[in-house]
K.L.:
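Please read through the structure below; I'll follow up with questions.
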Amino acid sequence: MGRLNVAALAFRSMALRRCIFSTFRSASTLKSKAASSKATDLYTLNKKLSDILRTGKLNEAKSMFDKMQQRNTVTWNSMINGYVKRREITKARKLFDEMPERDIVSWNLMISGYASCLGYKFLEEAKNLFDQMPRRDFVSWNTMISGYAKNGRMDEAVRLFESMPERNVVSWNAMITGFLHNGDMLSATEYFERMPERDSTSVSAFVSGLVQNGQLDEAARVLTEYGSRGNRRKDLVQAYNTLIAGYGQEGRVDDARRLFDQIPFNCNHRDGRNGEFEKNVVSWNSMIMCYVKAGDIFSARELFDQMNERDIISWNTMINGYVQISDMEEALNLFNMMPKPDNMSWNSMISGFAQVGRLELACDYFERMPQKNLVSWNSIIAGYEKNKDYKGAIKLFIQMQAEGEKPDRHTLSAVLSVCAGLVDLHLGMQIHQLVSKTVIPDVPIKNSLITMYSRCGAIIESRIIFDEMKSPKVVVTWNAMIGGYASHGFAMEALELFELMKRNKVQPTYITFISVLSACTHAGLVDEGRAYFKDMVSEYGIEPRVEHYASLVDNLGRHGKLEEAMDLIKSMPFDPDKAVWGALLGACRVHNNVELAQVAAEALMRLEPESSAPYVLLYNMYADVGLWDAAVEVREMMERNNIRKQAAYSWIDSSHY
DNA sequence: GTAGGGTTAG
């Protein structure tokens, strides 16, 4: 019995133990299930938080963050990341200081935040945190390196890079992009060649550097070399895109297209396969841009129509293409079709309408656009300036500042042109002061200053700015100064400067020759005028425009070479305009050539049926030589055509008289 | 679910 009892007892106790154990176990399972479900909840909530942050709704994210019952380090880090991405570093730092536990990601985020705020103070704080953090990984080092690189401190970046315990491919890439960012192609090349292994980012970055340096053929070579190695070839599409865009910049559309066609598949097209080396939307956009830049709007449109999925850049590029060829109808068919026009789309329409002289439509779009930005103001102001509504431009410029928008170099450049148009030296000088106070003057701004001063007669001021500009000067600068001299009767100075320009091996443009020919006219240099006209065509390959013909006709006419002027007009490959006939008519009046005057006047009557000027001039000429019948006939014709005498001869250069 | 390097426009 004793043994049995013992056995029974043992059995019972075992059962009991098992029972207790199993109860305990199930309780613990429950507990861990609860814990894991809470963890799942937190995971889901964190995911939701970062989704909200990705859409940029920072306030919404913050209120969710505040309401959350529990948070882990990832929660805090995500919120910090939100502020870091928005450059709200103070708010990020507050959370960082408040959070109960920091992990290495928290530290790295803060370093990244400080490093991407430009300025030495922020960089120093990034370095403080970097030095203070308990443990550093690749990300910490790489973030710090790129922080120095972004701030132009490649010396510090190199020091850090050299002192790293171990480097990965990102460290090398950060160095290469840093050098490129700071214009040090030599060091970038050295590092690219030295690095032990390259990934698609290394190649893309380096290719982009080569493209920016104009070394397109070298870029193509690098791309082929690494493209053929193969294993991660699909990531190279970015490098391809960069080179396509680079070819576009240089006008090498065929090379661009060859490269574009080399990217085999196409996620934008029905035969697209995910994950293959394939064209993406940027490839398409870049190629379309090449065509637009080359003025081949048809090919651009052909590609655009083939795209399955377009983004906002595709639409805007295409719209801009039509704006550039002043086809506002087509630009408008597209603007109305596109899903959600952004500022760029609206601004393109504004510039486009202004460019074709539809200022009222430009204004209408300017008023209607949902949110104006600086470019909108610049577009509308430049539009007013181009349409010679200078008072309107100034009004807008004042309104812009009243609405709290600060003018930039583009605004100021347009307003300087306004001052030139108004011949308002006082205002021009005020704008010049504003330029000195607010922007670092670049070449276009200085060109505008030269033009403004010379138009206002302050030619010495112009020349001072011109002389202070660094050599080699661009052709626009030479044109501005030569034009300034030419239009103010400093013909010899204009021609001297043109000779200097040639000695400086700067290729003149048609604009240069308008000034040069005009200078010859005003200096009484008829042989030189002829010779420059000839040089323009034979030596520089510039097709003469109507302005050049008008200028030479004017020059020849003034010197009594009316027959030669008439022969020149006859030789023109296109129809002469009112400036050409006006110049001839003016010369005929001075030199009393009635027959040619008749030809010129009739041509002008056809071109400008409402203008009284050719009638009046012809009448006076007939009267002067006593051809009274003809004079009376002109007068009758004028009455018959209901033409009233006007005060000014708009088509004749006033310097004739 | 959070951190580091590369592409297209006025």
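Numbered from 1 within each chain, the chains take letters A, B, ... in sequence-line order. Just so you know, these numbers come straight off a predicted model, no measurement behind them.
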K.L.:
When the distance from NE2 of A:His181 to C1' of B:dG4 is rounded to whole Å, what number comes out?
P.N.:
16 Å

K.L.:
For B:dA3, does OP1 or OP2 lie under 4.0 Å from any side-chain N or O of A:Lys85?
P.N.:
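Yes, such a contact exists.
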
K.L.:
Of A:Tyr114, A:Trp76, A:Trp107, which is the lone residue that meets ring-ring contact (aromatic ring centres under 6.0 Å, His included) with A:Phe96?
P.N.:
A:Trp107

K.L.:
For the atom pair CD (A:Glu225) and CZ (A:Arg198), what is the distance rounded to the nearest 0.5 Å?
P.N.:
8.0 Å

K.L.:
Kindly point out which of B:dT7, B:dA9, B:dG5 is positioned nearest to the side chain of A:Thr177?
P.N.:
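Shortest atom-to-atom distance from the side chain points to B:dG5.
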
K.L.:
Can you find an N or O donor on one side and an acceptor on the other, under 3.5 Å apart, linking the side chain of A:Asn168 with the base of B:dG4?
P.N.:
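Answer yes: a donor N or O sits under 3.5 Å from an acceptor.
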
K.L.:
What's the closest nucleotide to the side chain of A:Phe138 if the choices are B:dT8, B:dG4, B:dT2?
P.N.:
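Nearest nucleotide to the side chain: B:dG4.
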
K.L.:
Write down the distance between CZ (A:Phe96) and C1' (B:dT2), rounded to a whole number of angstrom.
P.N.:
14 Å

K.L.:
Which nucleotide in the list B:dG4, B:dA9, B:dT7 gets nearest to the side chain of A:Thr317?
P.N.:
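Comparing B:dG4, B:dA9, B:dT7 against the side chain of A:Thr317, the answer is B:dA9.
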
K.L.:
Between B:dT8, B:dG6, B:dA9, which one does the side chain of A:Gln249 approach most closely?
P.N.:
B:dA9

K.L.:
NA contact type, A:Asp137, heavy-atom cut-off 4.0 Å: base, sugar-phosphate, or nothing?
P.N.:
base

K.L.:
Atom CE in A:Met369, atom CG in A:Asn347: separation rounded to 0.5 Å?
P.N.:
4.5 Å

K.L.:
Cation-pi check for A:Phe260 against A:Arg257: NZ or CZ below 6.0 Å from the six-membered ring centre and within 45 degrees of the axis, yes or no?
P.N.:
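Pair A:Arg257/A:Phe260 does not count as cation-pi.
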
K.L.:
Which value, rounded to the nearest 0.5 Å, describes the distance between A:Asp408 atom CG and A:Ser413 atom OG?
P.N.:
9.5 Å

K.L.:
Name the closest nucleotide to the A:Ser50 side chain, picking from B:dT2, B:dA9, B:dT7.
P.N.:
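Closest nucleotide to the A:Ser50 side chain: B:dT2.
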
K.L.:
Within this structure, what is the CD1-to-P distance between A:Ile80 and B:dG4, rounded to whole angstrom?
P.N.:
13 Å

K.L.:
Atom CD1 of A:Ile176 to atom P of B:dT7: distance rounded to whole Å?
P.N.:
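A:Ile176 atom CD1 is separated from B:dT7 atom P by 13 Å.
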
K.L.:
For A:Asp255, enumerate each residue passing the salt bridge (Lys or Arg N to Asp or Glu O under 4.0 Å) test, keeping only those at least two apart in sequence or located in another chain.
P.N.:
A:Arg252, A:Arg258

K.L.:
Which nucleotide wins on minimum distance to the side chain of A:Val74, given the candidates B:dG4, B:dT2, B:dT7?
P.N.:
B:dT2

K.L.:
Report yes if a side-chain nitrogen or oxygen of A:Lys293 is closer than 4.0 Å to either non-bridging phosphate oxygen (OP1 or OP2) of B:dA9; otherwise report no.
P.N.:
no

K.L.:
Does the side chain of A:Arg198 get closer than 4.0 angstrom to OP1 or OP2 of B:dG6 through an N or O atom?
P.N.:
no

K.L.:
For the pair made of CG in A:Asn285 and P in B:dT7, what is the distance, rounded to whole Å?
P.N.:
15 Å

K.L.:
Which part of the nucleic acid, if any, lies within contact of A:Asn320, taking any heavy atom under 4.0 Å across all strands shown: a base, the sugar-phosphate backbone alone, or nothing?
P.N.:
sugar-phosphate

K.L.:
Could you tell me whether a side-chain N or O of A:Arg136 sits under 3.5 Å from a main-chain N or O of A:Phe130, the two making a donor and an acceptor?
P.N.:
yes

K.L.:
Do A:Asp199 and B:dG5 share a donor-acceptor pair, side chain to base, under 3.5 Å?
P.N.:
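Indeed there is one.
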
K.L.:
I need the residues from residues 97-111 of chain A with at least one non-hydrogen atom less than 4.0 Å from DNA chain B; give them sorted by number, or say none.
P.N.:
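Heavy-atom cutoff 4.0 Å gives A:Val105, A:Asn108, A:Leu109.
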
K.L.:
Are any of A:Ser112's side-chain N or O atoms less than 4.0 Å away from OP1 or OP2 of B:dA3?
P.N.:
no

K.L.:
Please state whether the phosphate of B:dG5, meaning OP1 or OP2, lies under 4.0 angstrom from any side-chain nitrogen or oxygen of A:Asn142.
P.N.:
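Result: no.
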
K.L.:
With a 4.0 Å cut-off on heavy atoms, is A:Ser204 in touch with a base, just the backbone sugar-phosphate, or nothing at all?
P.N.:
base

K.L.:
What about A:Asn81: does its side chain form a donor-acceptor pair under 3.5 Å with the base of B:dT2?
P.N.:
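Side chain to base: no pair below 3.5 Å.
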
K.L.:
Rounded to whole angstrom units, what separation is found between the CD atom of A:Gln238 and the P atom of B:dG6?
P.N.:
9 Å

K.L.:
Is any side-chain heavy atom of A:Asp184 closer than 4.5 Å to one of A:Met154?
P.N.:
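Answer no - side chains too far apart.
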
K.L.:
So does A:Ile104 get a backbone contact from the side chain of A:Arg135, meaning a donor-acceptor N/O pair under 3.5 Å?
P.N.:
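No; zero donor-acceptor contacts below 3.5 Å.
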
K.L.:
Flag this pair as yes if the NZ/CZ of A:Arg301 is under 6.0 angstrom from the six-membered ring centre of A:Phe298 and inside a 45 degree cone about the axis; otherwise no.
P.N.:
no

K.L.:
Over how many whole Å does the gap from A:Lys279 atom NZ to B:dT7 atom P extend?
P.N.:
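So the NZ-P distance, A:Lys279 to B:dT7, works out to 21 Å.
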
K.L.:
At a heavy-atom distance below 4.0 Å, what parts of residues 343-382 of chain A sit against DNA chain B?
P.N.:
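Nucleic-acid contacts, sorted: A:Met344, A:Asn347, A:Val375.
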
K.L.:
Rounded to the nearest angstrom, tell me the gap between atom CD1 in A:Ile319 and atom P in B:dG10.
P.N.:
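So the CD1-P distance, A:Ile319 to B:dG10, works out to 13 Å.
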
K.L.:
Between A:Asn387 (side chain only) and A:Asp389 (backbone N and O only), is there a donor and an acceptor less than 3.5 Å apart?
P.N.:
no

